[in-house]
Amino acid sequence: MTLPHLPRDISRRTRLLKDGHSGNGPVIYWMSRDQRAADNWALLAAAHAASALSRPLRVFFCLAPAFSGASSRHYGFLAEGLRQVAGSLAAKNIPLEILTGKPGITAGKRAHSMNAALIVTDFDPYPEKRSWKTELLKTASCPVAETDAHNIVPSWIASPKKEYSAATFRRKVSPLLPEWLTDIPEIEPMPPMNMEGAAPFAFPGTFPASLSAPDTGDPLEWITPGEHAASERLRIFLREGLERYGQERNDPGLDGLSGLSPWLHFGHLSAQRAAFAVSATPETESSKAFLEELIIRRELADNFCHFEEAAGTYGGLPEWSRKTLDAHRKDSRPVLYDIHTLEKARTSDPLWNAAQREMTSRGKMHGWARMYWAKKILEWSPSPEEAFITALFLNDRYELDGRDPNGIAGISWAIGGLHDRPWPERPVFGTVRYMNYGGAARKFNVKHYIQKIDSLVSTNL
DNA sequence: ATCGGCTCGCGCAA
DNA sequence: TGCGCGAAGCCGAT
């Protein structure tokens, strides 16, 4: 079967991954990365396909035990977000079913048991999820399609290859934006009978204890999961933050960032929605800088994970940087810290400790600090390979936006020069760009940042 | 305060 | 084949 006819703005974001025998059951949207009911091209694709085929529409979400070291704070954020999605979907007469198990296989088997006509899923190049998709394709008997609901220009259209730098990627994506950075249609409600026969929305009774997620302490109080809180935050940023973004984004002592990344990671907010709103404002240094990060650099991370098989491992770093880091393998390090010392923020660098505490206690480190933080781990580790593993482990355990192509690309940039260029050679780093405390002190008031983190941690806000 | 050099590879022009 | 230029810097010279 080929895909049913879909409106052009949906079909151009959708591709058939596998053909198969189309059963006489429902159309399934396997929701994974884009956990929202609004502004979701993959949900739109499934809904239009269901209407075209006169079939019910079902939405699955599959809870994966021990996903990439996800911790209690992630499962908490995820669970509350999904509870809200279930409500929003039910208002459109669309049932959400929670599955538990190995996601690709579990979703495929469940779809098979319902004699599904078609499975639509959202595009996600995160390495662990690529394998889920492979398993889905092996398990499902019906056709499977994917829709890129996360990127403004679908990853497979933006570029046919792994891009070398933001500049090469920008040259391809920027000219496409007038065509792709559009408004997103609202989903039409399904007829009430679409809910017939669907089990009421429920999490597994023991959730999340059954998932054996590492415990990262009390739930985070300062941030609210879900689509509603995400769009509220976007509104506030547009009103109060955007105009300062250009000037203030690289000072971690200020609140100059949008703060949207946790919601973007879980798909509670559509990046296209945010970009569309910003693009409707007058063009300024701030709006240009924000769109650069929101579109070019974010989608470049997807490009990297999509085309680099070894993304998320040391072997995925560029050849030139692995070579130079190897040549400096035996250089003496100023000091070595093991992962527990790092995790507890007990280094002799107060700036680094503040960044680490910001991450462990709040689940979100400032963007500038993330670069410095990862580069210091390189400097303090016995080998670049260990530095990479340590940084990614801590990132994925504590950052709300961890376990994401953006985290992989960010750490690969800091430790392995990904999408960066070589800089003067020095010990340990070789020609990978170096950063140090002096640079921070020249740029912003380090003490102010440290005090800010002290007070945030002590008040738990 | 501001500026240039550092260093590698891509992609485009020729 | 040559040449311009790049995700957030550092450092020394002026």
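Residue numbering restarts at 1 for every chain, and letters A, B, ... go by the order of the sequence lines.
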Colleague: What is the distance, rounded to the nearest whole Å, between atom CG of A/L300 and atom C1' of C/dG6?
Modeller: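 Nearest whole value for this atom pair: 13 Å.
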
Colleague: Describe the nucleic acid contact of A/E292 in one word from base, sugar-phosphate, nothing, applying a heavy-atom distance below 4.0 Å.
Modeller: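 If one applies the 4.0 Å heavy-atom cut-off, A/E292 turns out to touch nothing in the nucleic acid.
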
Colleague: Under 4.0 Å between a side-chain nitrogen and a carboxylate oxygen: does that hold for A/D124 and A/K133?
Modeller: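 Salt bridge flag = no for A/K133 with A/D124.
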
Colleague: Can you see which heavy atom on A/H150 is nearest to which on A/G267, and at what distance?
Modeller: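 Looking at all heavy atoms of both residues, the shortest contact is CE1-CA, 4.3 Å.
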
Colleague: Check the distance between C/dA7's P and A/I408's CD1 and give it to me in whole angstrom.
Modeller: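 In whole Å, C/dA7 P and A/I408 CD1 are 20 Å from each other.
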
Colleague: Suppose we screen for side-chain hydrogen bond (donor to acceptor under 3.5 Å, both in side chains). Which residues come up paired with A/K102, at least two apart in sequence or across chains?
Modeller: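 Testing A/K102 for side-chain hydrogen bond (donor to acceptor under 3.5 Å, both in side chains), a comparison that skips the adjacent residues, returns none.
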
Colleague: How far does the P atom of B/dG4 sit from the matching atom of C/dC5, given to the nearest Å?
Modeller: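 Taking atom P in both B/dG4 and C/dC5, they lie 13 Å apart.
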
Colleague: Touch check for A/D420, heavy atoms < 4.0 angstrom, all strands: base, sugar-phosphate only, or nothing?
Modeller: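 Sugar-phosphate contact only.
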
Colleague: Holding to salt bridge (Lys or Arg N to Asp or Glu O under 4.0 Å), I want the full list of residues that pass it with A/D326, two or more places apart in sequence or in another chain.
Modeller: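 Partners of A/D326 by the salt bridge (Lys or Arg N to Asp or Glu O under 4.0 Å) criterion, ordered by chain and then number, come out as A/R329.
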
Colleague: Below 3.5 Å is the cut-off: list the nitrogen or oxygen pairs between protein and nucleotides 7-14 of chain B, distance only.
Modeller:
from	atom 1	to	atom 2	distance (Å)
B/dT7	O2	A/P422	O	2.8
B/dG9	O4'	A/Y164	OH	3.1
B/dG11	OP1	A/K161	NZ	2.8

Colleague: Among residues 270-278 of chain A, which residues get a heavy atom nearer than 4.0 Å to DNA chain C?
Modeller: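 Nucleic-acid contacts, sorted: none.
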
Colleague: Take atom CE of A/M435 and atom P of C/dC10, then tell me their distance rounded to the nearest Å.
Modeller: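 Answer to the nearest Å: 6 Å.
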
Colleague: Go through the structure and list residues passing salt bridge (Lys or Arg N to Asp or Glu O under 4.0 Å) with A/D122, not counting sequence neighbours.
Modeller: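 With sequence neighbours excluded, A/D122 shows a salt bridge (Lys or Arg N to Asp or Glu O under 4.0 Å) to no residue whatsoever.
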
Colleague: Only counting residues at least two apart or in another chain, list the ones meeting salt bridge (Lys or Arg N to Asp or Glu O under 4.0 Å) with A/D454.
Modeller: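 Testing A/D454 for salt bridge (Lys or Arg N to Asp or Glu O under 4.0 Å), a comparison that skips the adjacent residues, returns A/R357.
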
Colleague: Test salt bridge (Lys or Arg N to Asp or Glu O under 4.0 Å) on A/E179 and A/R12; report intermediate values, then the result.
Modeller: CA-CA 11 Å; A/E179 188 192 338; A/R12 66 179 181 164; 3.6 Å; yes

Colleague: Under the side-chain hydrogen bond (donor to acceptor under 3.5 Å, both in side chains) test, which residues partner A/Q35, sequence neighbours left out?
Modeller: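 Checked A/Q35 against side-chain hydrogen bond (donor to acceptor under 3.5 Å, both in side chains); zero matches.
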
Colleague: Rounded to whole angstrom units, what separation is found between the CZ atom of A/F169 and the P atom of C/dC5?
Modeller: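 Atom CZ in A/F169 sits about 22 Å away from atom P in C/dC5.
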
Colleague: Counting C-beta onward and ignoring hydrogens, is there a side-chain heavy-atom pair between A/V173 and A/W180 closer than 4.5 Å?
Modeller: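 A side-chain contact under 4.5 Å is absent here.
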
Colleague: Who passes side-chain hydrogen bond (donor to acceptor under 3.5 Å, both in side chains) against A/S348, sequence neighbours left out?
Modeller: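 Checked A/S348 against side-chain hydrogen bond (donor to acceptor under 3.5 Å, both in side chains); matches are A/Y337.
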
Colleague: Which part of the nucleic acid, if any, lies within contact of A/M371, taking any heavy atom under 4.0 Å across all strands shown: a base, the sugar-phosphate backbone alone, or nothing?
Modeller: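 Result for A/M371 = base.
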
Colleague: Would you kindly give the OH-to-P distance between A/Y437 and C/dC10, to the nearest whole Å?
Modeller: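 Result: 13 Å.
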
Colleague: For the pair A/S165 (side chain) and A/H419 (backbone), establish whether a donor and an acceptor sit closer than 3.5 Å, ignoring hydrogens and angles.
Modeller: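 No: the side chain of A/S165 does not pair with the backbone of A/H419.
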
Colleague: Counting only N and O atoms by type, is there a donor-acceptor contact under 3.5 Å from the side chain of A/E399 to the main-chain atoms of A/D401?
Modeller: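 Checked: no pair found.
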
Colleague: Whole Å only: how far is the NZ atom of A/K376 from the P atom of C/dC10?
Modeller: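 One finds 10 Å between P of C/dC10 and NZ of A/K376, rounded.
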
Colleague: In dot-bracket form, 5' to 3', how is DNA chain C paired? Count Watson-Crick and G-U wobble pairs only if both distances fall under 3.5 Å, and write | where the partner sits on another strand.
Modeller: ||||||..||||||

Colleague: Distance check, P atoms only: C/dC10 and B/dG9, in whole angstrom units.
Modeller: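 The answer is 23 Å between these two P atoms.
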
Colleague: Does C/dC11 have OP1 or OP2 under 4.0 Å away from a side-chain N or O of A/N436?
Modeller: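 True: A/N436 side-chain N/O within range (under 4.0 Å) of C/dC11 OP1/OP2.
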
Colleague: Between residues 301-315 of chain A and DNA chain C, which residues have a heavy-atom gap below 4.0 Å?
Modeller: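 Contacting residues: none.
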
Colleague: List in chain and number order the residues that pass salt bridge (Lys or Arg N to Asp or Glu O under 4.0 Å) with A/E248, two or more places apart in sequence or in another chain; answer none if no residue qualifies.
Modeller: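 A/E248 satisfies salt bridge (Lys or Arg N to Asp or Glu O under 4.0 Å) with A/R244 once adjacent residues are dropped.
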
Colleague: Once you round it to whole Å, what is the distance between C1' of C/dA7 and CZ of A/R370?
Modeller: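 To the nearest whole Å, that distance equals 15 Å.
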
Colleague: Which residues satisfy the side-chain hydrogen bond (donor to acceptor under 3.5 Å, both in side chains) test with A/N353, sequence neighbours excluded?
Modeller: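 Per chain and number, A/N353 pairs via side-chain hydrogen bond (donor to acceptor under 3.5 Å, both in side chains) with A/T347.
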
Colleague: Look at all strands and tell whether A/R170 reaches a base, only sugar-phosphate, or nothing, counting heavy atoms closer than 4.0 Å.
Modeller: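 Sugar-phosphate contact only.
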
Colleague: State, with a plain yes or no, whether a side-chain heavy atom of A/L394 is found less than 4.5 Å away from one of A/T360.
Modeller: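 The answer is no, as the side chains (C-beta and beyond) never meet within the 4.5 Å cut-off.
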
Colleague: Could you tell me the separation between the CH2 atom of A/W368 and the P atom of C/dA7, rounded to a whole number of Å?
Modeller: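 Rounding to the nearest Å, CH2 of A/W368 and P of C/dA7 are 19 Å apart.
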
